[in-house]
Each structure stands twice: as C-alpha cells, then as structure tokens.
Amino acid sequence: MKIVDMRIHSIAIADPPLRSSYGLHAPYALRTIVELESDDSVIGITETYGGDAPARALEAIRPQVIGRSPYRLTGFLSAMVEGEGSGIDRSQTYLVPGENPLDQTTRTYAAIEVACLDLIGKSVGQPVCDLIGGRVRGEVAFSAYPFFKHTGGGGEGGDLREDEYGEVLSPEALVREVKQMVACYGFSSIKIKGGVLEPDLEIEAVKLLRQELGPDVPLRIDPNSAWTVDTSVRVGKALAEELSGGGYLEDPTSGLENMAEVRKRLMAAGITTPLATNVAVTSFGDIPRAVELDAVQIILCDHHYWGGMRQVQHLANLCKTFGVGLSMHSNSHLGVSLMAMAHVAAATPHLAYACDTHYPWQSEEDEVAAGGRVSIVNGCVTIPDEPGLGLELDYDQLARGRERFEKHPYRKRDDEAEMRKHIDPQWKRILPRW
Ligand code: MG
C-alpha cells in the first residue's frame, strides 16, 4: 500500500469570545484537516492546528509523504518527532499551543502519524486504539471546561452563532455555565479556565462550585501562569479542600523553578494539592528538571504537540516511572481531534484523569465529521468498533469550513490582538498579572 495523495484543508470554525490569561478567542478558531489517500482508495484523516504556518509545514513534506507506505512513513519521518531544542526551554508560557516554532516539526509529525494510523486501521478493519497497544477502556472520560466569556457565540457578520451560555464574568455566572454544561454532557470533572478575574473572585467561583456540586466532583483551575508565586500559594491554601479529591492546580505561575517553589511552600503548609502543567513541560527534554525539582505532579499530554499517539504513550510510561500523574490538554477542535484524543486515551493505562476538551464550545454547524457531532454522554466518548478513528469526512461541511477560512482574515491565533480589538485597546498580556 502506498500513499498517492495528500489533501490539506485549512478551515475556520466559529468560536465564542472566551477569555484566558492569553487574551480573547477570535470569532473563528483555525484548524487543518488532512487526508492521506492510498493507492487502493482508502483515506486516512487527521485534524491539527490551523492557519497558514501549520498548513505550510504540512505542504513542505508532501514530497516525503507521496509514494510512501503508511506503515513506514513515521519511521521515515522520525527525525521530525523531537522538534528543535529538546532540553532547552520550549515552554508554551508565552506562545499559544500551535504557534511555537520549536515544536513545529513535532506537530507536523503528529498530524501525519494520526492520519497513517487511521489509514492503516481502515485498511485492516481495526480501531486505532487497538493498533497502538489495545484499549484498556471502552469509554474515555472528559471534563467540563468552563471559561469566563463575553456575550456572543462566535462567528462574524451574517455568520453569528447562538450564544448558548451568555456573558460569564462573575463567580455566579460561572456556576450557571458549569451546571448548563453538566446538564447537557454529563461531565463529572470540572476544569476551570482562570487567570481572568481577580484571584479572590476566582477563589470564590471555585468555592461556589464546590458548594453547588458537592465533594465528589473533582475541580481544577488553570490560570495559565497569571499569578506570582505568592498569589499561587495564597490561592492553593484558600482552595486546599476544593482542589483535593482528584483535582489539581494547573500552571498557577510560570517556569519550573517558580512551580517548584509553590509546591514546596504548599507542602510545608501541609497542602498536597498536585500542580499540573501543559506549558512548563512540553517535551521529553523538560522532564528531568521537572522531576528533580518536584515542580509538577501531573503532566498534561496532548498528542497534537507531543508528537502523536505513541509519543503520548512513551510520556505516560515515563510519568509512571517517576510517580507523575498524566492528564490531557486540549485546544479548540472538532470531532476528528476528539476521536484521536479518545483513541490514545483509551490505549494509555496511566491516564487517570478526565481529559480536557473544548468540544462543547464548537457547534454542529462547523463539524466536518460525517453524521455530525461526536456524542459525549455521561461525560464520556465511547470508542466505536469501526475501523480507524471511526470517522469519515462530510465533504460539504469541509467545503463550508474552507469557505469560512477564505472569507475571514484570520491566519493565526492571536488572543492578545483580539483582546485589544474588542475589549481594551491598551490590553497587554502581563505575566504574572496578580
Ligand atoms: Mg493549561
């Protein structure tokens, strides 16, 4: 079997005005859908970061992809998997995931790996999770991912989307948003995107959620490095009870040294809340120092930037060896990414936390998977018995996504620029802000 065609589709999908310490989400999130077609007309698909740079990077390796066997392609491309500068600071503290030039080849490799696995799975009639070690769970749990947000459902001009959740800029509104998400999807873990309101208001929001949902629903908060060490310790102490029982404090502050200091001071106060990260540890080269400093107790994997599904499994084994927990990170995405995340999670025993997903923030109107949106029931995605990822593309929907991309000016994610454009002309990302 040989790959005879590679089709790269840059698409735009509506995205609500969600806030984080990076700034504001644009009216459209950008994604890239890639198809690899074999000489026997089987098509493997993948979804990755969007905009011009990721599409260009994929286009650049076209000559290495065409004519190769999907069984051997990732071996042939293996020099790409580490990216540049493993062992140097590749952190995503200042760059949004998908915009870090140091992991561009890693991200490109990951996209190709998933498409090859889907193609192989569809050729041999087996689900992807069963090709990469076999499923250890048939259902993968995801967490609710509430954000503070402005009014609006995403989209622009004549393409405005329904605002399901309204404005959410207070602790009370956040609780309402979470309850609405839980009612709709059945989530049983909650990951709060913080770093937006004053820390005391975010403490209040987490306490209110605990009151409303009870002690059996794990709570996490991720302010994306918006806090100083002192503020992180203060919040960690204030939320010691609320973040216990399967919760965690994610990237309260920036850098492994600062994270280690927060950990040391919380432990000295008898608070064992684990610190999690998806920005201070983003490559294998970051792990020795993170372990040495006891800077993080949970690493958030993401096959999109860790180099694919098998690299996530390697990461899982390394985490297990060093007694570090494993959770999963997400960016705005559609169903192809969601199913890829579910497949790798299904075949990764060490993954013990419900995975992050932005999926509830996207709408049916933008989904490119045939048959519409992937179902999340009781907070879980069920691994289907269909071959590959279990998804085919809806080519009409894909064409609409391409038209949206062509029509609108967004070519890379820039949350700071969006914040200045819509909310505050003077706004700058300041780390730490509080
Ligand atoms: Mg994070």
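The chain is numbered in sequence order, starting from 1. Whatever order the structure lists ligands and atoms in, that order sets their numbers, starting from 1.
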Inset, instruction - For the Mg ion (ligand 1), find the closest N/O/S atom on Asp222 and give its atom name. - result: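 It is OD2, the N, O or S atom of Asp222 closest to the Mg ion (ligand 1).
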
Inset, instruction - Have a look at Glu250 and say which of its N, O or S atoms is nearest the Mg ion (ligand 1). - result: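 This residue's closest N, O or S atom turns out to be OE2.
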
Legend entry - Heavy-atom check, side chain of Ile190 versus side chain of Pro146, under 4.5 Å: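 They are in side-chain contact.
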
Legend entry - Sole candidate of Met419, His422, Lys421 that passes side chain to side chain contact (heavy atoms under 4.5 Å, CB included) when paired with Trp427: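 One option only clears the test, and that one is Met419.
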
Inset, instruction - Could you tell me whether any N, O or S atom belonging to Asn224 is less than 2.8 Å from the Mg ion (ligand 1)? - result: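 It does not: Asn224 brings no N, O or S atom closer than 2.8 Å to the Mg ion (ligand 1).
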
Inset, instruction - Take the angle between the ring planes of His358 and Tyr145 and call it parallel below 30°, perpendicular above 60°, tilted in between. - result: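 Correct class here is perpendicular.
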
Inset, instruction - Determine, for Tyr28 and Arg404, whether the Lys NZ or Arg CZ falls below 6.0 Å from the six-membered ring centre while staying within 45 degrees of the axis. - result: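 Output no; distance or angle outside limits.
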
